[in-house]
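Take a look at the structure below.
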Amino acid sequence: MKLVIAVVQDKDGNKLRDALIAQNFRATKLASTGGFLRSGNTTFLIGVEDHRLDQVLDLIKINCRAREQLMTPVVPLDGSSEPASAYPVPVQVGGATVFVVDILRFEQY
Ligand code: 2BA
């Protein structure tokens, strides 16, 4: 059995949740925050049998897409940086960042 941890954009979260439920996968959806952009994203915990792993990964790939997001850099107030660095810059955010880990033991009580 595997645990799939998938960080996706909020905009894709409900679509992915519905697709997982429709194909009878169990998942937990968590509200998370990206360390770099410091804005909200969504993290899924999906416990899955080994033989269905590729099916989950395909669902994530199909339902989540990369987008560009604007980020305003933090500018020190002491005037030590160029004024231009205060303008928003585009950052490419991936459709999904996925970790697959082995589950040693799975219990439900
Ligand atoms: P954030 O940390 O908010 O990062 C958003 C996007 O900003 C990243 O997209 C990447 O394109 C860019 N970025 C991140 N760190 C950067 C840096 N030091 N310098 C320049 N650009 C940087 P993704 O790579 O697609 O990541 C989307 C979200 O997935 C991340 O949001 C984070 O929440 C999660 N994530 C990505 N890699 C991770 C990792 N190795 N471990 C844990 N979470 C991760």
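Every number for a ligand or one of its atoms is a count from 1 in the order of the listing. Counting from 1, the numbers follow the sequence of the chain as shown. Quick caveat: nothing in here was measured; it's all calculated off a predicted structure.
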Can you name the one residue among Val56, Asn63, Leu57 that meets side chain to side chain contact (heavy atoms under 4.5 Å, CB included) with Leu59?
Asn63
Per-atom filter on ligand 1: closer than 4.0 angstrom to a heavy atom of Leu37 are 1 (P), 3 (O), 5 (C)
Considering distance alone, does some N or O of Val91 sit under 3.5 Å from an N or O of ligand 1?
no
Could you grab the distance from atom NZ of Lys29 to atom CZ of Phe44, nearest 0.5 Å is fine?
5.5 Å
For ligand 1, which atoms, with element, lie under 4.0 Å from some heavy atom of Gln92?
9 (O), 10 (C), 11 (O)
Side-chain touch Val89/Leu70, heavy atoms, less than 4.5 angstrom:
no
Counting only heavy atoms not in Arg67, do more than 12 sit closer than 6.0 Å to its CZ atom?
yes
In the protein, what heavy atom is nearest to atom 17 (C) of ligand 1, and what distance, to one decimal place, separates them?
Phe36 CE1, 3.4 Å
Distance to 0.1 Å, residue and atom name: give those for the protein heavy atom nearest to atom 44 (C) of ligand 1.
Thr97 CG2, 4.1 Å
To which protein heavy atom is atom 31 (O) of ligand 1 closest, and what is the distance rounded to 0.1 Å?
Gly34 CA, 3.5 Å
Please examine the side chains of Phe25 and Val48, heavy atoms only from C-beta on, and report whether any two atoms are closer than 4.5 Å.
yes
Pairwise side-chain contact, Val8 with Asn41, heavy-atom cut-off 4.5 Å (strictly under)
no
Of all heavy-atom pairs between Asp12 and Arg65, which one has the smallest distance, and what is that distance?
OD2-N, 3.2 Å
Starting from atom 23 (P) of ligand 1, locate the nearest protein heavy atom and write down its residue, its atom name and how far away it is, to 0.1 Å.
Gly94 N, 3.9 Å
Among non-hydrogen protein atoms, atom 34 (C) of ligand 1 lies closest to Val7 CG1, 3.8 Å
What protein heavy atom sits nearest atom 42 (C) of ligand 1, and how far away is it?
Phe99 CZ, 3.7 Å
Looking at ligand 1, does any of its N/O atoms fall within less than 3.5 Å of an N/O of Gly35?
yes
If you have a sec, work out which protein heavy atom is nearest atom 33 (O) of ligand 1 and how many Å separate them, to one decimal?
Asn41 ND2, 2.9 Å
Thr33 versus ligand 1: do any nitrogen or oxygen atoms come within less than 3.5 Å of each other?
no
